[in-house]
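Below is one structure, written out as structure tokens; comments come after it.
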Amino acid sequence: DFAYGSLRIPDWGPSNSLTLSFRVLHSLADSTEKQTILLDSYVGDNLVLNGGVSNSAGSKNGELTQGFQWSVFVAAAYNF
């Protein structure tokens with residue numbers, strides 16, 4: 001079983017084009033966590049750029065701590 005929490009702050013920054021999100025996924029079985037911060041930037045009507053960082057916390061090799069402890073990601077999505 002898991003607990004999930006999130007906070008989203010939309011429409012801020014230049015032309016209200018940014019959205020900031022915080023997410024936490026918590027394992028109730030072994031108390032490991034995955035925490036994520038994500039920033040979305042809307043560029044025009046068809047393009048979204050986003051980037052973020054994710055962190056795992058808790059005992060090693062737990063449900064949510066397998067693999068890398070930290071990850072950084074960047075992505076783009078285009079609507080046709």
Side-chain angles (χ1 to χ4, degrees):
D1 292 326
F2 297 94
Y4 175 78
S6 68
L7 172 67
R8 183 172 173 261
I9 305 168
D11 303 330
W12 62 277
S15 302
N16 291 329
S17 64
L18 300 175
T19 297
L20 185 62
S21 302
F22 302 93
R23 298 178 184 146
V24 175
L25 181 62
H26 179 84
S27 169
L28 298 175
D30 65 5
S31 293
T32 55
E33 282 189 352
K34 181 72 77 173
Q35 303 138 0
T36 304
I37 299 173
L38 177 67
L39 180 66
D40 294 323
S41 178
Y42 300 92
V43 183
D45 292 333
N46 297 337
L47 182 62
V48 178
L49 303 175
N50 62 38
V53 62
S54 185
N55 175 50
S56 298
S59 61
K60 195 170 191 164
N61 294 323
E63 280 191 305
L64 298 173
T65 55
Q66 297 176 11
F68 296 106
Q69 182 178 3
W70 287 93
S71 60
V72 176
F73 51 91
V74 177
Y78 186 79
N79 245 345
F80 294 97

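Sequence positions, counted from 1, serve as the residue numbers for this chain.
Note: the hydrophobic cluster containing Val74 does not contain Val53 (ILVMFWY, side chain heavy atoms under 4.5 Å, direct or indirect links). Cluster membership check: Leu39 shares its hydrophobic cluster with Ile9, using side-chain heavy-atom separations under 4.5 Å among Ile, Leu, Val, Met, Phe, Trp and Tyr.
Distance check: Ser56 OG to Glu63 CD gives 12.5 Å after rounding to the nearest 0.5 Å. One distance of note links CZ of Phe22 with OG of Ser6; it measures 11.5 Å at 0.5 Å rounding. Of the inter-residue distances, the one linking Leu64 atom CG with Thr32 atom OG1 reads 4.0 Å to the nearest 0.5 angstrom. With rounding to the nearest 0.5 angstrom, the CD1 atom of Ile37 is 10.5 Å from the CG atom of Leu7. Interatomic distance, Glu33 CD to Thr36 OG1, rounded to the nearest 0.5 Å: 11.0 Å. In this structure, CG in Asn16 is found 12.0 Å from OH in Tyr42, a value given to the nearest 0.5 Å.
The shortest heavy-atom contact between Trp12 and Leu20 is NE1-N, 3.7 Å. Smallest separation of non-hydrogen atoms from Leu49 and Ala76: CD2-CB, 3.7 Å. The two atoms that bring His26 and Ser31 nearest to each other are CE1-CA, 3.6 Å, heavy atoms only. Here the closest non-hydrogen pair linking Gln35 and Val24 is CG-CG2, 4.2 Å.
The closest side-chain heavy-atom distance from Asn55 to Gln69 is below 4.5 Å.
Remark: the backbone N or O of Ala29 is paired with a side-chain donor or acceptor of Ser27 at under 3.5 angstrom.
Around the OH atom of Tyr4, the shell of radius 6.0 Å holds more than 12 heavy atoms that belong to other residues, nucleotides or ligands.
Looking at residues two or more places apart in sequence or on another chain, you find a side-chain contact (heavy atoms from CB on, under 4.5 Å) between Asn50 and Leu38, Asp40, Ala75.
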